[in-house]
2 protein chains.
Amino acid sequence: MDAALALIAEHGVGGTSLQMIADGIGVTKAAVYHQFKTKEQIVIALTERELGRLEEALEAAEAEDHPPRARDLLLDRVIDLAVERRGAASTLQFDPVIVRLLADHEPFQRFIERLYGVLVGDAAADSRVLAAMLSGAIAVGVVHPLVADIDDESLRSELRRITRRLFDAAN
Amino acid sequence: MDAALALIAEHGVGGTSLQMIADGIGVTKAAVYHQFKTKEQIVIALTERELGRLEEALEAAEAEDHPPRARDLLLDRVIDLAVERRGAASTLQFDPVIVRLLADHEPFQRFIERLYGVLVGDAAADSRVLAAMLSGAIAVGVVHPLVADIDDESLRSELRRITRRLFDAAN
DNA sequence: GTCTATATAACGATAGAC
DNA sequence: GTCTATCGTTATATAGAC
């Protein structure tokens with residue numbers, strides 16, 4: 001799965017063949033097919049593995065009864081993960097093939113709904129625009145060439161600082 | 001090219017074949033090859049067409065001698081275009097195949113450098129993080145499912161409002 | 001400029017031996 | 001679990017007629 005993720009990040013899902021993945025780990029295509037019945041299942045497994053890292057934080061946030069606190073709790077975890085695994089989340093979030101695939105994958109849809117349930121306070125248009133922009137800001141903020149040479153700790157604190165002030169300014 | 005862009009937005013570059021593009025406009029593959037020697041050239045032409053829409057605003061911004069004013073000038077145009085052509089810019093910016101392709105395409109690199117030359121005040125780490133986040137915030141802010149039902153005018157003004165706030169939050 | 005036809009290669013996926 | 005071998009399909013790309 002690490003090999004698959006690295007290849008997909010570089011060439012996209014459509015540009016990554018099972019042969020490339022098999023070569024990347026030194027086995028044949030048939031061996032890969034023994035673990036995953038289709039290419040789609042590899043993508044779904046990759047996404048679930050990455051989203052699973054948010055599960056605990058999401059549950060903790062949902063148990064919190066002060067909404068702004070819940071939001072900050074979750075947001076910090078999202079930023080930590082985005083920085084810690086630079087590129088992984090962004091790859092899975094933006095590849096058009098993955099977007100289409102996950103749109104038909106119910107467990108994924110439910111998880112995303114829970115996520116935004118905590119992050120977006122209400123259904124007002126301005127709240128939704130803010131959430132959409134935030135999502136892009138974090139995802140791109142960790143992979144953009146402009147930040148390639150910035151160490152994790154500095155990047156994390158800067159992301160936190162900017163997202164926090166953005167929310168505070170709204171209230 | 002419109003047909004190609006729509007298909008790439010939906011299936012990614014790797015998932016879009018020349019056959020699909022040919023079918024989309026009702027001709028054969030051979031007819032498409034008559035206009036573009038390779039699939040890569042289609043992608044480059046698409047990107048150049050989209051970036052060309054920024055050329056005038058970029059030149060005007062570079063002629064401006066008050067940096068913050070130049071930045072706002074360009075930023076407004078970027079937002080206008082992102083909203084006006086929802087999805088087009090985001091598609092081209094995030095598809096991994098396009099990212100790799102354009103990294104080796106010098107005219108594109110020069111244009112991007114000029115863009116960020118105006119948008120990023122200095123080379124300090126926090127300025128670069130902010131620019132990276134801004135780039136993602138706008139690109140995702142116009143295509144995210146959360147904003148799909150918001151009309152262009154509202155979306156544009158909200159994007160403008162929040163990006164301004166992002167700049168303020170950095171200081 | 002668009003067509004038919006084709007060359008060559010790679011794709012996803014499966015069967016069956018070990 | 002991994003292999004070799006293969007099926008059927010599709011891919012990019014080209015040649016040559018109209």
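Quick note on labels: first sequence line is chain A, next is B, and so on, each numbered from 1.
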Exercise for review: Start with the C-alpha distance between B/I8 and B/L92, add both sets of side-chain angles, then the distance that settles side chain to side chain contact (heavy atoms under 4.5 Å, CB included), and finish with yes or no.
Suggested key: CA-CA 9 Å; B/I8 289 173; B/L92 300 172; 5.5 Å; no
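Distance from the side chain of B/Y33 is smallest to D/dT14 among C/dC11, C/dG12, D/dT14.
The nearest whole Å value for the distance from the CD atom in B/Q41 to the P atom in D/dT12 is 15 Å. Rounded to whole Å, atom P of D/dC7 lies 20 Å from atom CG of A/L18. The interatomic distance linking B/I21 (CD1) with D/dA13 (C1') rounds to 14 Å, in whole Å. Atom CG in A/D23 sits about 12 Å away from atom P in C/dG12, given to the nearest Å. Per the geometry, CD1 belonging to A/I25 stands 13 Å off P belonging to D/dG1, to the nearest Å. Rounding to whole angstrom units, CD1 of residue B/I42 and C1' of D/dA13 are separated by 12 Å. Between the CD atom of A/Q19 and the P atom of C/dA9 there is a distance of 15 Å, rounded to whole Å.
For B/R100, the side chain to side chain contact (heavy atoms under 4.5 Å, CB included) partners are A/E10, A/H11, not counting sequence neighbours. Checked against ring pair (Phe, Tyr, Trp, His ring centres under 6.0 Å), A/H105 has no partners two or more places apart in sequence or in another chain. Remark: A/D126 pairs with no residue by the side chain to side chain donor-acceptor pair (under 3.5 Å) rule, at least two apart or across chains.
Closest approach of A/G12 and A/D95 over heavy atoms only: CA-OD2, 3.2 Å.
Not a single donor-acceptor pair under 3.5 Å links the side chain of A/S90 to the backbone N or O of A/V140. A donor-acceptor pair is defined here as one N or O able to donate and one able to accept, closer than 3.5 Å; no such pair exists between the side chain of A/R71 and the backbone of A/V120.
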Polar atoms only, N or O, under 3.5 Å: list the protein pairs with nucleotides 2-5 of chain C and their distances.
residue	atom	partner	partner atom	Å
C/dC3	OP2	B/T28	N	2.6
C/dC3	OP2	B/T28	OG1	2.9

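Neither OP1 nor OP2 of D/dT10 sits under 4.0 Å from any side-chain N or O of B/S17.
Among residue pairs with one or both ends in residues 33-43 of chain A, none qualify as side-chain hydrogen bond (donor to acceptor under 3.5 Å, both in side chains); sequence neighbours excluded.
Defining each end axis of the helix from C/dG1-D/dC18 to C/dC18-D/dG1 as the rotation carrying four pairs' C1' atoms onto the next four, with five pairs an end, the two axes are found to diverge by 10° to 10 degrees.
Between B/Y116 and A/H144, the ring-plane angle classifies as perpendicular under the 30° and 60° cut-offs.
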